[in-house]
Amino acid sequence: MHDSRDRELGMHRKITRRDFLNGVAVTAGAAMMPWDLSAAGFGQAAVGPESSPNYYPPALTGMRGSHPGSFDAAHALRDGTFWDTAGKPEDTGETYDLIIVGGGISGLAAAHFYRKATGNNARILILENHDDFGGHAKRNEFHVGKAFRLGFGGTFSIESPAPYSAVAKDVIEELGIDVSSYPKYFNKNLYPEAGLRAKVFFDKETFGVDKLVVNPSPRGGGESEDAASLSPKLLTQFLAEAPLAEQAKRDLVRLQQQPKDYYPGLTSDQKKAKLARISYAKFLTDVAGVHEDIVKYYQALPHGLFGVGIDAVSAQDAWGFDLPGFDGLKLDPTPGKGMNRDAIPNEEAEKYFFHFPDGNATIARLLVRRLIPDVVPGNSVSDIVLAKANYAKLDDSNSPVRIRLNSTAVRVKHLGDAASAKEVEVTYARGGKVCTAKAKNSILACWHVVIPYICEELPDKQKEALASAQKVPLLYTNVALRNWTSLQKVGASSIYAPGMYHSYVNLDLPVSMGGYECARKPEEPIILHLMKAACHPGLPARQQHSYGRMELYTTDFETMERKIRDQLARTLGPGGFDPARDIAAITVNRWPHGYAYEYNSLFDDFWLEGGVTPCEIARKPHGRIAIANSDAGAYAYTDEAINQAWRAVGEITKGS
Ligand SMILES: Cc1cc2nc3c(=O)[nH]c(=O)nc-3n(C[C@H](O)[C@H](O)[C@H](O)COP(=O)(O)OP(=O)(O)OC[C@H]3O[C@@H](n4cnc5c(N)ncnc54)[C@H](O)[C@@H]3O)c2cc1C
């Protein structure tokens, strides 16, 4: 039974992932990547895998994001076993002005700011544990027949719930990005004119039957442009078709159309204080008294923003998101104490939006081009879209800035007392070796949970604060389809699937620029983007993230592939979709350490009551070491990655 279902799903089909299953080639006789990541003994760039002409991570499919091989050294460090087998570190003899740990947007921006502060001759080394630069801002490339398609493997777009700071805007402008020009590249009408719109997929395990139904008030998963306010006409259609209990349907109408004050006699502030302390799920069942089907229906709505469901999002934030149930409370529109910044509407911020075909990987690539011009050819924002990076040039001894991939920092320490030391020594693991390099300063632009393990000399209180920055685990999956006729037949451009493995399925935004052409006709290949939040409803948010992280690390690619094929077969089957025939490639961008943790009034008292936040303690400079990353602002956005890089550079260049 299992085998025949697998055959229907196309598990036997040769797609690109077969060649790089779980990041390791399985072709007979050659258990290697096209470059040999596992080869022991490459310590220096000149002999590293990146110098191979075949080294081109964006084109890899299968398990990407935090790919196999990227986290072993860090996890051994966490488990206390790393130094048992590491051997004596080898001194590279290299000295720098600055060593940056982490090659995401924050680390790259830190290099950019440091050069601005100290000059372009500054010698900088960036260490990055993944096989590509950009951190979450990851580029995925696909070739399907003659078509070339780009996808985003993480950081999707320039967008933020609050306006970009002057510092972050300056970087965007310096890189040549004109955010206001976005409509020129975005084909807004393509999907609506083809009859596509937002849908909801109800699954039989959760709702008793598999059914694709119109979405009357799409909120988007962040990655679709389908968000729209409630349409009464579509609500009627939805109520007629949705497999929800009759009572649930009546309750939905009541929530939307019969406002009630659930807290009579309380002031607006008192009501907000109550809403800040109760989850939206509990508000719906215990306060508004709705049928449990409504909770199941809304459960996954916030996945794209917070990586948890409505069981772990406050009712006050739900009010900010304009979810139903609050009209009768007559709350004054000002934000309440403890609201998440994502839940506070801001018109200026909403207008500041730009999506490149590979997401904010373009920002990372533009930064790299500034830092090491030989890596990415060209000189404009549009020509970068198709430019092919030359990875052999990333770590060139002739360049003042070097980016060393596949290199995990395992120890960062002052050579002497932090208050008086003149140098910092950074030890890193790379290709089976452990090496050291020295610098006047170091910026840790990596994930905060890693820092206590690599910088043991930090005060305990700071380590504790760093460790509390539990990242949000997510999958960003790109499925290259040979065509999208089945989506056209079922009339869907985005699908909210509250009970499925991936809770959002979106057709890539149709953006063409710099010679890159998006799919225009349903017969053409396209990228379908799927999003999963690995959450465990009912637990406090940090615990959900911790369990979800384990889940993502321990689920193999084959299991994920089966779930992807099954979900698409069930959702798009009525449109003629055949997963065995129509799927050309799958790239699962696994991010067990995804979004920065954002404070939550349900679980973080300091966020409600005021006081110093953990990220303020975590990001304190220590001697010649400063700390960046979006974690340093507890805010999961690119502008914060840039803001925190700017602050960190300011701390180490102060007085110089
Ligand atoms: C799936 C996803 C989608 C997102 N979408 C958006 C979006 O649309 N818009 C937006 O503004 N933001 C988005 N974000 C948030 C995103 O985190 C930030 O915008 C930004 O890319 C973060 O940059 P960063 O440099 O702070 O962190 P990261 O990108 O995480 O970079 C830190 C780097 O440090 C590396 N590192 C860790 N430990 C070590 C070590 N010991 N040695 C060497 N290197 C190390 C990590 O591997 C990583 O590459 C998204 C995040 C995710 C996960």
Side-chain angles (χ1 to χ4, degrees), residues 65-67 70-71 73-75 77-78 82 99-110 125-138 152-162 164 168 172 221-223 303-305 307 342 349 352-356 359-361 363-364 367 403-412 426-430 442-451 453-455 469 471-477 529 531-533 589-598 627-633 635-645 648:
S66 280
H67 55 81
S70 62
F71 47 82
H75 286 181
L77 207 60
R78 175 202 64 195
F82 178 79
I99 297 180
I100 296 169
V101 178
I105 289 178
S106 200
L108 297 170
L125 173 67
I126 301 175
L127 296 171
E128 167 58 48
N129 61 310
H130 287 97
D131 61 13
D132 203 352
F133 58 81
H136 294 149
K138 196 72 79 197
F152 52 101
T155 312
F156 159 70
S157 61
I158 296 176
E159 63 173 330
S160 197
Y164 267 43
I172 298 298
E223 292 88 40
H303 279 186
L305 281 173
D342 280 275
Y352 201 72
F353 180 91
F354 201 107
H355 172 71
F356 289 98
N360 286 4
I363 295 183
L367 280 165
I403 300 176
R404 194 160 295 164
L405 301 175
N406 303 302
S407 302
T408 305
V410 290
R411 189 166 61 206
V412 180
V426 179
T427 307
Y428 60 93
R430 172 175 159 82
S442 181
I443 290 181
L444 309 183
C446 55
W447 303 329
H448 279 197
V449 286
V450 178
I451 296 176
Y453 298 104
I454 64 175
C455 193
K471 289 282 204 185
V472 177
L474 300 163
L475 293 185
Y476 261 32
T477 299
H529 181 75
M531 197 280 302
K532 172 184 174 59
N589 293 279
R590 169 180 60 177
W591 297 115
H593 296 270
Y595 296 158
Y597 179 84
E598 297 190 356
I627 293 174
N629 194 280
S630 57
D631 283 347
Y635 192 50
Y637 290 91
T638 292
D639 50 335
E640 194 63 5
I642 297 172
N643 294 337
Q644 295 299 334

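Every number for a ligand or one of its atoms is a count from 1 in the order of the listing.
- Side-chain N or O atoms of Arg430 include none that pairs as donor or acceptor with a backbone N or O of Asn129 at under 3.5 Å.
- Checked against a 3.5 angstrom limit, the closest N/O atoms of Asn360 and ligand 1 fall outside it.
- The minimum heavy-atom distance between Ala168 and Asn643, with the atom names listed, is CB-OD1, 3.8 Å.
- Donor-acceptor pairing under 3.5 Å is lacking for the side chains of Ser66 and His593.
- Close approach of ligand 1 to Glu159 is summarised as follows: ligand atoms under 4.0 Å from at least one heavy atom of the residue are 8 (O), 11 (O).
- Of all the heavy atoms of Tyr637, the ones lying under 4.0 Å from any atom of ligand 1 are found in both the backbone and the side chain.
- The part of Tyr476 lying near ligand 1 is the side chain, judged by heavy-atom distances below 4.0 Å.
- For ligand 1, the atoms sitting less than 4.0 Å from at least one non-hydrogen atom of Gly594 are 53 (C), numbered in the order shown with element in parentheses.
- Heavy atoms of Leu127 found under 4.0 angstrom from ligand 1 belong exclusively to the backbone.
- The shell of residues lying under 4.0 angstrom from ligand 1, judged by heavy atoms, excludes Ala364.
- Using a 4.0 Å cut-off to heavy atoms of Ser630, the atoms of ligand 1 that qualify are 22 (C), 26 (O).
- Side-chain polar atoms of Tyr635 and Ser160 form a donor-acceptor pair below 3.5 angstrom.
- For Tyr595, heavy-atom contacts with ligand 1 shorter than 4.0 Å involve the backbone as well as the side chain.
- With hydrogens and angles disregarded, a donor-acceptor distance shorter than 3.5 Å links the side chain of His448 to the backbone of Ala628.
- Checked against a 6.0 Å centroid threshold, the rings of Tyr595 and Tyr597 do not count as neighbours.
- Taking all atoms of both residues into account, the shortest heavy-atom contact from Val472 to Ala596 is CG2-O, 4.2 Å.
- Contact atoms of ligand 1 toward Val101: 40 (C), 42 (N), 43 (C) (distance under 4.0 Å to a heavy atom of the residue).
- The residue among Gly135, Gly134, Ala409, Ala645 with a heavy atom at the shortest distance from atom 42 (N) of ligand 1 is Ala409.
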message: Show, in sequence, the C-alpha distance, side-chain angles and deciding distance for His529 and Phe156, and conclude whether the ring pair (Phe, Tyr, Trp, His ring centres under 6.0 Å) test is met.
response: CA-CA 11 Å; His529 181 75; Phe156 159 70; 7.4 Å; no
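- Near Trp591, meaning under 4.0 Å from one of its heavy atoms, ligand 1 places the atoms 1 (C).
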- prompt: When you look at Asp639 and Ile158, which way does the side-chain contact (heavy atoms from CB on, under 4.5 Å) test go after all the steps?
  reply: CA-CA 8 Å; Asp639 50 335; Ile158 296 176; over 6 Å; no
message: Run the side-chain contact (heavy atoms from CB on, under 4.5 Å) test on Asp131 and Leu405 for me, step by step, so that the C-alpha distance in whole Å, both residues' side-chain angles and the decisive distance to 0.1 Å come before the verdict.
response: CA-CA 5 Å; Asp131 61 13; Leu405 301 175; 5.7 Å; no
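- Here is the list of ligand 1 atoms found below 4.0 Å of a heavy atom in His130: 47 (O), 49 (O).
- Contact detail for Gly633 and Gln644: the closest heavy-atom pair is CA-NE2, 3.5 Å.
- By the 3.5 Å distance cut-off applied to N or O atoms, Tyr164 is not counted among the residues near ligand 1.
- The shortest N or O to N or O distance between Leu474 and ligand 1 is not below 3.5 Å.
- Neither the backbone nor the side chain of Gln644 comes within 4.0 Å of ligand 1, counting heavy atoms alone.
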query: How far apart are the C-alpha atoms of Trp591 and Leu475, what are their side-chain angles, what is the distance that settles it, and do they pass the side-chain contact (heavy atoms from CB on, under 4.5 Å) test?
result: CA-CA 6 Å; Trp591 297 115; Leu475 293 185; over 6 Å; no
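- Heavy-atom proximity to Ala445, at under 4.0 Å, picks out these atoms of ligand 1: 32 (C).
- Under 4.0 angstrom from ligand 1, there are no non-hydrogen atoms of Ser66.
- The option with the heavy atom closest to atom 12 (N) of ligand 1, from among Pro473, Ala636, Ala429, is Ala636.
- Ligand 1 has an N or O atom lying under 3.5 Å from an N or O atom of Ser157, backbone or side chain.
- Closest heavy-atom approach to atom 34 (O) of ligand 1 within the set Ala73, Gly102, Ala632: this belongs to Gly102.
- Ring centroid separation for the pair Phe82 and His75 does not come in under the 6.0 Å cut-off.
- If you check the side chains of Asp342 and Tyr637, you find a donor sitting under 3.5 Å from an acceptor.
- Looking at ligand 1, you'll find an N or O of Ser106 within less than 3.5 Å of one of its N or O atoms.
- Ligand 1 places these atoms under 4.0 Å from at least one heavy atom of Cys446: 34 (O), 36 (N), 37 (C), 38 (N), 39 (C), 45 (C).
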